[in-house]
Amino acid sequence: MAEPTPRVKLPKSVEAGVPFTVKTRITHPMHTGERHDSDGELVPRRIINRFVVSYGGEVAIAVDLEPAVSADPYIQFEMAVPESGLLEFQWVDDDGSVYSLQKHVDVD
Amino acid sequence: MAPTRRDVLLLGASATAAALIPAGTVEASNGVDRAIDAFTGGAARLEGGVLLDAPEIFDNGGAVPIRVVAEGARRIALFNDGNPNPGVAVFTFGPLVTPEATIRIRLAGSQNVYAVAEMADGTFRQTSQKIAVTVGGCG
(Lines give C-alpha, C1' and ligand atoms only; values in the text may rest on other atoms or scores of the structure.)
Protein backbone atom coordinates (compact mmCIF):
# COMPACT_ATOMS: atom_id res chain seq x y z
CA MET A 1 0.00 0.00 0.00
CA ALA A 2 1.26 3.44 -0.87
CA GLU A 3 1.99 5.62 2.13
CA PRO A 4 -1.21 7.45 3.07
CA THR A 5 -1.05 11.11 2.14
CA PRO A 6 -3.01 13.60 4.24
CA ARG A 7 -4.33 16.86 2.85
CA VAL A 8 -5.99 19.79 4.57
CA LYS A 9 -7.58 22.86 3.06
CA LEU A 10 -8.07 26.07 5.06
CA PRO A 11 -8.98 29.63 4.08
CA LYS A 12 -5.89 31.79 3.47
CA SER A 13 -6.87 34.02 6.34
CA VAL A 14 -9.70 34.03 8.87
CA GLU A 15 -11.32 36.51 11.24
CA ALA A 16 -11.02 36.03 14.98
CA GLY A 17 -14.04 34.18 16.34
CA VAL A 18 -15.69 33.75 12.94
CA PRO A 19 -16.28 30.13 11.88
CA PHE A 20 -14.38 28.88 8.83
CA THR A 21 -14.48 25.58 6.94
CA VAL A 22 -11.75 22.96 7.32
CA LYS A 23 -11.64 20.23 4.66
CA THR A 24 -9.53 17.13 5.36
CA ARG A 25 -8.76 13.98 3.42
CA ILE A 26 -6.21 11.18 3.60
CA THR A 27 -5.50 8.59 0.93
CA HIS A 28 -6.24 5.21 2.55
CA PRO A 29 -8.01 2.05 1.28
CA MET A 30 -10.09 1.63 4.50
CA HIS A 31 -10.13 -2.18 4.18
CA THR A 32 -13.34 -3.27 5.92
CA GLY A 33 -12.22 -6.82 6.71
CA GLU A 34 -15.33 -8.06 4.87
CA ARG A 35 -13.99 -8.12 1.32
CA HIS A 36 -12.05 -10.75 -0.64
CA ASP A 37 -9.26 -10.08 -3.11
CA SER A 38 -9.20 -11.50 -6.65
CA ASP A 39 -7.71 -14.78 -5.28
CA GLY A 40 -10.62 -15.19 -2.88
CA GLU A 41 -8.51 -14.32 0.16
CA LEU A 42 -10.12 -12.21 2.86
CA VAL A 43 -8.43 -8.81 2.96
CA PRO A 44 -7.73 -8.10 6.65
CA ARG A 45 -9.33 -5.04 8.20
CA ARG A 46 -7.15 -1.97 8.06
CA ILE A 47 -8.75 1.42 8.51
CA ILE A 48 -8.05 4.87 9.86
CA ASN A 49 -9.84 4.43 13.20
CA ARG A 50 -9.32 7.87 14.73
CA PHE A 51 -8.86 11.43 13.53
CA VAL A 52 -7.95 14.23 15.92
CA VAL A 53 -7.51 17.95 15.32
CA SER A 54 -5.83 20.05 18.01
CA TYR A 55 -5.40 23.78 18.32
CA GLY A 56 -2.95 25.19 20.84
CA GLY A 57 -2.54 21.71 22.31
CA GLU A 58 -6.29 21.31 23.01
CA VAL A 59 -8.50 18.87 21.11
CA ALA A 60 -10.77 20.79 18.74
CA ILE A 61 -12.53 17.77 17.22
CA ALA A 62 -12.01 14.02 17.52
CA VAL A 63 -13.63 11.44 15.27
CA ASP A 64 -13.83 7.68 15.79
CA LEU A 65 -14.19 5.96 12.43
CA GLU A 66 -15.64 2.55 11.57
CA PRO A 67 -15.23 0.53 8.36
CA ALA A 68 -18.42 2.20 7.04
CA VAL A 69 -16.39 5.34 6.35
CA SER A 70 -15.43 5.58 2.67
CA ALA A 71 -11.95 4.94 1.33
CA ASP A 72 -9.80 8.08 1.38
CA PRO A 73 -11.71 9.40 4.40
CA TYR A 74 -13.03 12.91 3.85
CA ILE A 75 -14.09 14.95 6.87
CA GLN A 76 -15.19 18.55 6.80
CA PHE A 77 -16.01 20.74 9.81
CA GLU A 78 -16.37 24.35 10.92
CA MET A 79 -14.33 26.03 13.63
CA ALA A 80 -13.37 29.45 14.93
CA VAL A 81 -10.14 30.54 16.59
CA PRO A 82 -9.46 33.55 18.83
CA GLU A 83 -6.02 34.29 17.37
CA SER A 84 -3.42 32.99 14.91
CA GLY A 85 -2.12 29.56 15.85
CA LEU A 86 -1.16 26.07 14.80
CA LEU A 87 -3.70 23.42 13.86
CA GLU A 88 -2.42 19.86 14.21
CA PHE A 89 -4.11 16.99 12.38
CA GLN A 90 -3.54 13.32 13.23
CA TRP A 91 -4.90 10.19 11.57
CA VAL A 92 -4.43 6.89 13.47
CA ASP A 93 -4.16 3.68 11.42
CA ASP A 94 -5.19 0.19 12.63
CA ASP A 95 -1.55 -0.85 12.22
CA GLY A 96 -0.49 1.78 14.77
CA SER A 97 0.89 4.28 12.27
CA VAL A 98 0.05 7.92 12.89
CA TYR A 99 -0.02 10.35 9.98
CA SER A 100 0.32 14.00 10.92
CA LEU A 101 0.00 17.39 9.32
CA GLN A 102 0.28 20.90 10.72
CA LYS A 103 -1.28 24.04 9.32
CA HIS A 104 -0.91 27.59 10.51
CA VAL A 105 -4.12 29.59 10.87
CA ASP A 106 -3.61 33.26 10.14
CA VAL A 107 -6.06 35.62 11.80
CA ASP A 108 -6.35 39.01 10.08
CA MET B 1 -53.17 -41.62 6.93
CA ALA B 2 -52.89 -39.50 3.82
CA PRO B 3 -52.80 -35.75 4.52
CA THR B 4 -56.09 -34.05 3.84
CA ARG B 5 -56.40 -30.89 1.84
CA ARG B 6 -57.00 -28.99 5.10
CA ASP B 7 -53.78 -30.37 6.65
CA VAL B 8 -51.76 -29.23 3.67
CA LEU B 9 -53.28 -25.75 3.73
CA LEU B 10 -52.61 -25.42 7.48
CA LEU B 11 -49.04 -26.53 7.01
CA GLY B 12 -48.60 -23.97 4.28
CA ALA B 13 -50.10 -21.24 6.45
CA SER B 14 -47.86 -21.98 9.45
CA ALA B 15 -44.78 -22.23 7.25
CA THR B 16 -45.60 -18.80 5.85
CA ALA B 17 -46.08 -17.41 9.35
CA ALA B 18 -42.76 -18.88 10.49
CA ALA B 19 -41.03 -17.31 7.52
CA LEU B 20 -42.59 -13.94 8.30
CA ILE B 21 -41.43 -13.71 11.92
CA PRO B 22 -37.70 -13.45 11.21
CA ALA B 23 -38.43 -11.20 8.24
CA GLY B 24 -39.90 -8.63 10.63
CA THR B 25 -36.57 -8.30 12.47
CA VAL B 26 -34.31 -8.23 9.43
CA GLU B 27 -33.92 -4.45 9.42
CA ALA B 28 -32.18 -4.44 12.78
CA SER B 29 -30.22 -7.64 12.22
CA ASN B 30 -26.89 -5.81 12.23
CA GLY B 31 -27.46 -4.82 15.87
CA VAL B 32 -28.05 -1.11 15.30
CA ASP B 33 -30.39 -0.83 18.31
CA ARG B 34 -27.77 -2.29 20.64
CA ALA B 35 -25.06 -0.07 19.12
CA ILE B 36 -27.17 3.06 19.70
CA ASP B 37 -27.93 1.94 23.27
CA ALA B 38 -24.19 1.48 23.84
CA PHE B 39 -23.66 5.08 22.74
CA THR B 40 -26.50 6.54 24.84
CA GLY B 41 -26.11 4.23 27.83
CA GLY B 42 -29.71 3.19 27.16
CA ALA B 43 -31.05 6.74 27.68
CA ALA B 44 -34.23 7.85 25.88
CA ARG B 45 -33.75 9.58 22.52
CA LEU B 46 -35.97 12.50 21.59
CA GLU B 47 -36.75 13.11 17.94
CA GLY B 48 -35.66 16.47 16.54
CA GLY B 49 -32.77 18.78 17.30
CA VAL B 50 -30.54 16.88 14.86
CA LEU B 51 -30.38 17.59 11.16
CA LEU B 52 -29.23 14.87 8.80
CA ASP B 53 -28.50 16.25 5.36
CA ALA B 54 -28.08 13.33 2.96
CA PRO B 55 -29.29 12.39 -0.51
CA GLU B 56 -32.51 10.35 -0.67
CA ILE B 57 -31.05 8.45 -3.61
CA PHE B 58 -27.40 8.20 -4.61
CA ASP B 59 -25.55 6.34 -7.35
CA ASN B 60 -22.40 5.28 -5.55
CA GLY B 61 -22.87 3.49 -2.22
CA GLY B 62 -19.10 3.64 -1.79
CA ALA B 63 -19.06 7.34 -1.00
CA VAL B 64 -22.36 8.83 0.14
CA PRO B 65 -21.98 12.41 1.42
CA ILE B 66 -23.58 12.96 4.82
CA ARG B 67 -23.80 16.21 6.74
CA VAL B 68 -25.01 16.26 10.31
CA VAL B 69 -25.79 19.27 12.50
CA ALA B 70 -26.96 19.38 16.12
CA GLU B 71 -26.75 22.77 17.77
CA GLY B 72 -25.67 22.38 21.39
CA ALA B 73 -24.31 18.85 20.93
CA ARG B 74 -21.00 17.70 22.37
CA ARG B 75 -21.02 14.39 20.46
CA ILE B 76 -22.80 13.11 17.38
CA ALA B 77 -22.78 9.45 16.33
CA LEU B 78 -23.81 8.04 12.95
CA PHE B 79 -25.21 4.52 12.55
CA ASN B 80 -26.62 2.37 9.75
CA ASP B 81 -28.98 -0.61 9.75
CA GLY B 82 -27.95 -2.35 6.54
CA ASN B 83 -24.16 -2.81 6.62
CA PRO B 84 -22.46 -5.78 8.32
CA ASN B 85 -21.62 -3.47 11.26
CA PRO B 86 -23.91 -0.70 12.55
CA GLY B 87 -21.31 1.89 13.54
CA VAL B 88 -20.18 4.62 11.15
CA ALA B 89 -18.46 7.42 13.07
CA VAL B 90 -18.57 9.34 16.35
CA PHE B 91 -17.69 13.06 16.38
CA THR B 92 -16.61 14.73 19.62
CA PHE B 93 -16.69 18.52 19.46
CA GLY B 94 -14.48 20.85 21.49
CA PRO B 95 -15.55 24.43 22.25
CA LEU B 96 -13.92 25.92 19.12
CA VAL B 97 -15.76 23.64 16.70
CA THR B 98 -19.35 24.05 15.50
CA PRO B 99 -21.35 20.86 16.25
CA GLU B 100 -21.67 19.81 12.64
CA ALA B 101 -19.61 17.70 10.27
CA THR B 102 -19.57 16.34 6.75
CA ILE B 103 -18.25 12.86 5.95
CA ARG B 104 -18.52 10.31 3.15
CA ILE B 105 -19.75 6.87 4.07
CA ARG B 106 -20.26 3.41 2.59
CA LEU B 107 -23.69 1.85 2.34
CA ALA B 108 -23.94 -1.81 1.29
CA GLY B 109 -27.43 -1.17 -0.06
CA SER B 110 -30.50 0.99 0.49
CA GLN B 111 -31.01 1.43 4.22
CA ASN B 112 -31.57 3.85 7.09
CA VAL B 113 -28.87 6.11 8.49
CA TYR B 114 -29.28 7.38 12.06
CA ALA B 115 -27.75 10.43 13.70
CA VAL B 116 -27.77 10.46 17.51
CA ALA B 117 -26.56 13.57 19.33
CA GLU B 118 -25.48 13.83 22.94
CA MET B 119 -26.42 17.34 24.03
CA ALA B 120 -24.50 19.51 26.48
CA ASP B 121 -27.11 18.75 29.18
CA GLY B 122 -26.58 14.99 28.75
CA THR B 123 -29.85 14.27 26.91
CA PHE B 124 -29.94 12.53 23.51
CA ARG B 125 -31.57 13.54 20.26
CA GLN B 126 -32.08 11.37 17.20
CA THR B 127 -33.09 11.53 13.59
CA SER B 128 -32.89 9.06 10.72
CA GLN B 129 -33.17 9.04 6.97
CA LYS B 130 -33.65 6.32 4.39
CA ILE B 131 -31.02 6.44 1.67
CA ALA B 132 -31.43 4.48 -1.55
CA VAL B 133 -28.20 3.57 -3.32
CA THR B 134 -28.02 2.30 -6.88
CA VAL B 135 -24.72 0.45 -6.51
CA GLY B 136 -23.81 -0.88 -3.05
CA GLY B 137 -20.54 0.19 -1.49
CA CYS B 138 -19.41 -2.98 0.28
CA GLY B 139 -18.66 -5.27 -2.66
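Every chain is numbered from 1, with letters handed out A, B, ... down the list of sequences.
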Taking CD in B:Gln129 as the centre, count heavy atoms belonging to other residues, nucleotides or ligands within less than 6.0 Å. Is the count above 12?
yes
Which of the residues A:Met30, A:Glu58, A:Lys23 is involved in the greatest number of heavy-atom pairs with chain B at under 4.5 angstrom?
A:Met30
Under 4.5 Å from any heavy atom of chain B - which part of A:Pro73:
neither
Heavy atoms, side chains only, cut-off 4.5 Å: are A:Val52 and A:Ile61 in contact?
no
So, A:Glu88 and A:Ser54: side-chain donor and acceptor under 3.5 Å apart, yes or no?
no
Are there residues of residues 85-99 of chain B that reach to under 4.5 Å of chain A by heavy atoms, and which ones?
B:Asn85, B:Gly87, B:Val88, B:Ala89, B:Val90, B:Phe91, B:Thr92, B:Phe93, B:Gly94, B:Leu96, B:Val97, B:Thr98
Does the side chain of A:Lys103 reach to within under 4.5 Å of the side chain of A:Phe89, using non-hydrogen atoms?
yes
Within residues 47-57 of chain B, which residues come under 4.5 Å of chain A, heavy atom to heavy atom?
none
Proximal component of A:Tyr74, with respect to chain B [non-hydrogen, under 4.5 Å]
both
Would A:Arg45 and A:Asp95 count as a salt bridge (Lys or Arg N to Asp or Glu O under 4.0 Å) if you check the C-alpha gap in whole Å, the side-chain angles of each, and the deciding distance to 0.1 Å?
CA-CA 10 Å; A:Arg45 177 185 134 145; A:Asp95 74 359; over 6 Å; no
Donor-acceptor pair between B:Tyr114 and B:Asp81 side chains, under 3.5 angstrom:
yes
Kindly give the heavy-atom pair with the smallest separation between A:Asp37 and A:Val43, and that separation in Å.
N-CG2, 3.7 Å
Checking A:Val59 against chain B: side chain, backbone, both or neither under 4.5 Å from a heavy atom?
backbone
Does A:Asp72 reach the side chain of A:Arg25, with side-chain heavy atoms less than 4.5 Å apart?
yes
Closest approach of A:Gly85 and A:Tyr55, non-hydrogen atoms and distance?
CA-CE1, 3.8 Å
Is there a donor-acceptor contact under 3.5 Å from the side chain of B:Thr102 to the main chain of B:Arg67?
no
Using a strict cut-off of less than 4.0 Å between a Lys/Arg side-chain nitrogen and an Asp/Glu carboxylate oxygen, indicate whether A:Lys12 and A:Asp106 qualify as a salt bridge.
no
